[in-house]
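Some notes on the structure that comes next.
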Amino acid sequence: MLHDSQKLSMNPEFMQDQYNHKTIEPNAQQYWADNKSFQVSEDTNKEKFYCLSMFPYPSGKLHMGHVRNYTIGDVISRFQRMQGKNVLQPMGWDAFGLPAENAAIKHNVPPAQWTDENIADMRVQLNQMGLAYDWTRELATCKPDYYRWEQWFFTKLYEKGLVYRKKSTVNWDPVDQTVLANEQVVDGRGWRSGALVEQKEISQWFLKITAYADELIDEVKKLQGWPQRVRTMQVNWVGRSEGVEIKFEVEADFQTLEVFTTRPDTLMGVTYLAVAAQHPLALSVAENNAELAAFIQACKHTKVSEADMATIEKKGYPTGIMAIHPLTGERVPVWVANFVLMSYGSGAVMSVPAHDQRDWEFSKLYGLEIKQVIRPSNQNTVDTATAAFTDKGILINSGEFNGQNSYDAFDTIAEKLAIQKKGNKTINYRLRDWGVSRQRYWGCPIPIIHCDDCGPVAVPEKDLPVKLPEQVVFDETGGSPIKQMPEFYETTCPSCGKAARRETDTFDTFFESSWYYARYTCADNDDGMLDERANYWLPVDQYIGGIEHAVLHLLYSRFFHKLMRDEGLVESDEPYKNLLTQGMVLADTYYRDNEKGGKDWINPQDVKTKTDDKGRVIEAISTLDGKTVISAGMSKMSKSKNNGVDPKYLIEKYGADTLRLFSIFAAPPNQSMEWSDSGVEGAQRFIKRLWRLATQNINNHIRTDTDNLSDSLRALRRKIHQTLQKVTDDMGERFAFNTAIAANMELLNELSKLHDKSDAAQAVLKEGIETIVLMLSPIIPHMGHELWIKLGHQKAIIDEAWPKVDTQALVQNNIEMIVQVNGKVRGKIQVNVNADDESIKILAQNNENVQRFIENTTIRKIIVVKGRLVNIVAN
RNA sequence: GCCGGGGUGGCGGAAUCGGUAGACGCGUUGGAUUCAAAAUCCAGUUCUGGAAACGGAGUGAGGGUUCAAGUCCCUCCCUCGGCACCA
């Protein structure tokens with residue numbers, strides 16, 4: 001018995017090679033490795049192009065988000081290489097972080113070992129994707145040869161006074177006695193212990209990012225290659241606002257409360273002040289007030305995230321203390337409020353219920369006075385008893401300021417306060433200094449030694465790096481092992497020599513990811529953080545990564561770049577010239593309710609859907625037990641929803657080229673992309689169709705005079721060059737890879753329809769096939785490599801240049817224009833490209849179908865849009 | 001809650017500068033091929049009326065500007081990302 005595939009291969013029709021990714025892909029990868037195709041060095045004769053995809057956290061498994069991100073970067077890199085540029089595309093590992101600690105607790109493996117094994121696995125998977133990386137520059141942030149330089153840099157910043165220590169709030173698990181990350185707090189409780197989480201104040205290190213706030217905002221203007229939405233988010237995050245800092249004297253102890261407001265024009269409407277629960281004033285009153293102390297205690301049980309603070313139920317408690325209004329001298333009560341944060345500004349705010357929605361809600365809740373001091377600029381009236389009026393307007397009930405508009409009153413009130421030394425105009429930022437301390441193990445040790453006599457002292461350069469001990473044992477509380485290791489923390493003071501204690505906190509992992517892009521340029525340098533090679537390659541010409549990094553990572557690395565510039569390490573002002581933010585990868589989710597009231601998530605690979613004759617899904621059934629499951633729509637691929645698709649399996653089944661093709665064809669890069677198994681099969685189908693047409697023409701080496709083609713061949717050749725023109729624009733300027741692929745599919749469809757066996761036809765066909773293979777080679781490089789050889793070329797396709805548009809081929813004599821009557825399409829006309837408007841108008845009116853709609857009407861106007869349409873306005 | 005996106009056929013998406021809405025792909029329907037199936041190929045496929053020619057409606061909802069609106073303006077609804085210790 002013969003297998004079907006054998007029967008097929010014996011049929012002369014199918015004697016040509018079958019497409020087989022399992023031989024094609026390793027062959028191409030071997031060629032690139034043998035020829036060191038992607039190793040680059042500084043070459044001043046070529047234009048450089050630094051293309052960087054955000055490096056992954058080495059979880060051990062490549063997921064579809066990586067596949068998409070790295071395919072996009074690879075396509076751009078290979079396209080730019082074909083434009084003749086010296087392209088650098090490196091890869092490395094964002095190797096510190098929480099998951100390694102979790103794995104250590106769960107599987108009893110030290111984080112270092114777990115991480116190393118994961119890196120080895122993921123490197124293999126990335127290579128199977130055929131990504132054009134210069135692996136000689138690979139780096140892992142958990143290695144001392146990397147993190148020693150950020151320790152060194154931190155000590156430089158410390159010398160410059162850009163680093164300081166202050167108390168700040170963390171999530172504290174009172175049972176496990178550990179600090180928890182926000183994601184480790186679930187419904188207000190520690191994820192492991194289940195204990196109610198408390199806020200705790202501890203001393204931590206901060207970087208003065210606020211000192212660069214203005215530059216971070218101002219230079220967003222220069223980032224023309226960034227998406228507008230990311231630029232807006234960056235500006236809003238820094239949040240520069242002009243306002244007035246106002247001093248309120250407090251009756252009880254003659255202290256003053258300083259508050260910041262952007263609306264000094266509403267000052268006369270202040271009816272109370274609110275301070276944070278942790279404010280010294282609140283704490284001192286609470287000493288003799290048990291109820292207030294209880295309230296403050298209750299306020300500790302909230303998560304320290306802004307989203308939580310903003311959405312909690314607003315609660316407050318009166319301190320019984322009165323403050324003096326700086327202008328009227330009236331007494332206003334001071335309240336403690338759970339939504340005022342001690343870490344923002346001074347931890348106190350002035351409240352104007354009539355003109356601020358949050359203050360209004362608070363005053364309604366506790367029956368506090370609402371005093372309207374602004375009225376609308378027009379003649380409308382507002383009732384501040386029903387809602388706050390937050391617009392600017394004209395001042396009322398404000399004594400000497402009555403009748404001024406909000407803008408003028410801003411200045412006059414600020415001036416009056418300044419004269420009385422009760423306030424000043426200031427600029428306030430929403431941006432807070434960057435807290436870089438983490439009380440975790442798997443991170444870069446902060447290079448500081450605490451001495452009882454000398455205070456915190458930076459570790460001297462000669463003693464760097466401070467190595468993180470890698471042979472450690474975790475207990476189930478998840479506390480950092482180095483905090484229990486005297487051999488790590490016991491040391492001597494570098495300045496006085498007495499016994500001292502090493503800092504056991506580690507850096508925020510954003511610290512590592514803030515400068516890795518620069519280190520790739522000189523990853524082998526053991527003598528310095530960076531060298532002159534950084535200035536050849538930087539800034540990064542194209543950065544690609546998830547939209548979820550639009551604010552934090554990108555802001556921190558912009559900041560870090562400026563710090564490095566001011567240290568003389570780099571010359572440029574900004575790290576990333578162009579930015580492409582890719583959307584997430586989504587997949588179908590299915591579930592069943594379980595007995596515990598929760599949901600059992602079922603992997604989409606185990607679900608079959610039934611459709612009606614229009615293709616609408618009418619039922620989803622598990623293939624495991626044949627029973628119905630409930631569809632919960634599309635959501636981000638994740639473990640928790642059990643809707644991940646493993647790229648490893650797909651690479652084996654379909655090959656990397658198919659996966660690459662599908663992952664950028666399914667949606668434009670900046671939008672989220674929905675996973676579809678049948679879509680992958682469609683991508684494979686296209687690859688096989690191209691393979692077939694190309695391999696049927698490998699012996700076709702006919703060249704012919706393109707000046708004397710028949711009309712239909714001329715049209716086909718025009719299609720080839722129109723496609724090339726579009727694809728060049730789509731890939732080089734717009735990153736519209738999905739439409740670039742669609743255009744190639746369209747061209748392949750046209751070429752497949754050609755059954756003319758003449759020499760001229762075969763020459764055009766060959767030109768078309770070769771153009772497609774070249775245009776798609778950045779996307780499906782393995783197949784491009786193989787087909788290019790088969791088509792008879794000596795040079796590998798990786799070294800070929802991007803094809804050139806033949807402008808002669810684009811010339812057209814006649815074009816089609818549509819004819820509208822009152823904006824509705826009623827006919828089509830063929831027009832000579834040089835026809836004047838008058839003759840086009842006549843042609844349009846003579847169209848048979850158009851006449852049906854203009855008879856018995858009067859033509860009012862005829863609009864001709866060159867090359868597109870004619871619109872006849874008639875009634 | 002605040003900041004920033006998105007919403008177009010059964011589905012993913014296209015329409016780049018205000019000018020033919022639905023390219024391309026998936027799914028689906030019919031046909032060819034096959035003993036049969038898979039694969040492949042051909043044709044149809046926004047809804048709706050019609051045998052067709054050709055009409056009517058249609059880009060989340062409602063209003064507006066314009067000869068012309070998916071695209072611009074206003075109001076609203078839904079949804080996704082981020083919110084500083086996930087990375």
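Atom set for the values below is all heavy atoms of this structure, side chains included, hydrogens, waters and symmetry mates excluded. A note on names: the letters A, B, ... follow the listed sequences, proteins ahead of strands, and every chain is numbered from 1. Fair warning: this is a prediction, and the values are worked out from it, not measured in the lab.
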Of the listed nucleotides [options], the one nearest the side chain of [X]:
{"X": "A:D729", "options": "B:rG56, B:rU16, B:rA87", "value": "B:rU16"}
{"X": "A:A667", "options": "B:rG13, B:rA84, B:rA87", "value": "B:rG13"}
{"X": "A:N749", "options": "B:rA23, B:rG25, B:rU20", "value": "B:rG25"}
{"X": "A:L98", "options": "B:rG12, B:rA87, B:rG19", "value": "B:rA87"}
{"X": "A:N849", "options": "B:rC24, B:rU20, B:rC54", "value": "B:rC54"}
{"X": "A:A307", "options": "B:rA21, B:rA87, B:rG1", "value": "B:rG1"}
{"X": "A:R852", "options": "B:rC83, B:rG12, B:rG55", "value": "B:rG55"}
{"X": "A:K824", "options": "B:rA87, B:rG56, B:rG4", "value": "B:rG56"}
{"X": "A:S678", "options": "B:rG1, B:rA84, B:rC26", "value": "B:rC26"}
{"X": "A:R692", "options": "B:rU20, B:rC41, B:rC83", "value": "B:rC41"}

With rounding to the closest Å, how many angstrom separate the [atom1] atoms on [N] and [M]?
{"N": "B:rC3", "M": "B:rG18", "atom1": "C1'", "result": "30 Å"}
{"N": "B:rC73", "M": "B:rU65", "atom1": "C1'", "result": "7 Å"}
{"N": "B:rG22", "M": "B:rG70", "atom1": "C1'", "result": "11 Å"}
{"N": "B:rA37", "M": "B:rU29", "atom1": "P", "result": "15 Å"}
{"N": "B:rA39", "M": "B:rU28", "atom1": "P", "result": "11 Å"}
{"N": "B:rA68", "M": "B:rG31", "atom1": "C1'", "result": "42 Å"}
{"N": "B:rC80", "M": "B:rC72", "atom1": "P", "result": "24 Å"}
{"N": "B:rA61", "M": "B:rC54", "atom1": "P", "result": "29 Å"}

Give one of base, sugar-phosphate or nothing for [X], where a contact means two heavy atoms less than 4.0 Å apart.
{"X": "A:W434", "answer": "nothing"}
{"X": "A:H553", "answer": "nothing"}
{"X": "A:M584", "answer": "sugar-phosphate"}
{"X": "A:Q671", "answer": "sugar-phosphate"}
{"X": "A:V825", "answer": "sugar-phosphate"}
{"X": "A:Y57", "answer": "sugar-phosphate"}
{"X": "A:V230", "answer": "nothing"}
{"X": "A:T509", "answer": "sugar-phosphate"}
{"X": "A:F206", "answer": "nothing"}
{"X": "A:N182", "answer": "sugar-phosphate"}
{"X": "A:R689", "answer": "sugar-phosphate"}
{"X": "A:P668", "answer": "sugar-phosphate"}
{"X": "A:E361", "answer": "nothing"}
{"X": "A:R826", "answer": "sugar-phosphate"}

Over how many whole Å does the gap from [X] atom [atom1] to [N] atom [atom2] extend?
{"X": "A:E306", "N": "B:rC3", "atom1": "CD", "atom2": "P", "result": "11 Å"}
{"X": "A:F737", "N": "B:rG13", "atom1": "CZ", "atom2": "P", "result": "17 Å"}
{"X": "A:I741", "N": "B:rA14", "atom1": "CD1", "atom2": "P", "result": "12 Å"}
{"X": "A:F510", "N": "B:rG82", "atom1": "CZ", "atom2": "C1'", "result": "11 Å"}
{"X": "A:I547", "N": "B:rC83", "atom1": "CD1", "atom2": "C1'", "result": "14 Å"}

Partner of [N] by Watson-Crick or G-U wobble geometry, both contacts under 3.5 Å, or none?
{"N": "B:rG4", "value": "B:rC80"}
{"N": "B:rA61", "value": "B:rU75"}
{"N": "B:rC41", "value": "B:rG31"}
{"N": "B:rA87", "value": "none"}
{"N": "B:rA36", "value": "none"}
{"N": "B:rG22", "value": "none"}
{"N": "B:rG49", "value": "B:rC54"}

Compute the ring centroids of A:W515 and A:F559, then answer whether they are less than 6.0 Å apart. no
Please tell me whether [X] and [Y] have a donor and an acceptor in their side chains that are separated by less than 3.5 angstrom.
{"X": "A:S203", "Y": "A:K167", "answer": "no"}
{"X": "A:Y654", "Y": "A:E681", "answer": "yes"}
{"X": "A:Q204", "Y": "A:Q439", "answer": "yes"}
{"X": "A:E201", "Y": "A:T169", "answer": "yes"}
{"X": "A:N749", "Y": "A:R689", "answer": "yes"}

With a cut-off of under 6.0 Å to the ring centre and 45° to the axis, is A:R826 in cation-pi contact with A:F853? yes
Between A:F96 and A:M233, who's closer to the 5' end of RNA chain B by nearest nucleotide? A:M233
Want to settle it: does A:I863 or A:K688 sit nearer the 5' end of RNA chain B, counting the closest nucleotide to each? A:K688
Looking only at side-chain N and O atoms, does [X] come under 4.0 Å of OP1 or OP2 in [N]?
{"X": "A:R685", "N": "B:rG27", "value": "yes"}
{"X": "A:N822", "N": "B:rA68", "value": "no"}
{"X": "A:R734", "N": "B:rA15", "value": "yes"}

Anything under 30° is parallel, anything over 60° is perpendicular, the rest tilted; go ahead and classify A:Y70 against A:H66. parallel
Does B:rC17 count as syn, meaning its glycosidic angle lies within 90° of 0, or as anti? syn
Assigned chi class of B:rG9 under the 90° convention is syn
Can you find a donor-acceptor pair, distance only, under 3.5 Å between A:N236 side chain and B:rC3 base? no
State which residue, out of A:Y212, A:Y516, A:F511, fulfils the ring-ring contact (aromatic ring centres under 6.0 Å, His included) condition with A:F560. A:F511
Evaluation steps, ring-ring contact (aromatic ring centres under 6.0 Å, His included), between A:W434 and A:Y556: CA-CA 8 Å; A:W434 178 14; A:Y556 289 142; 3.9 Å; yes
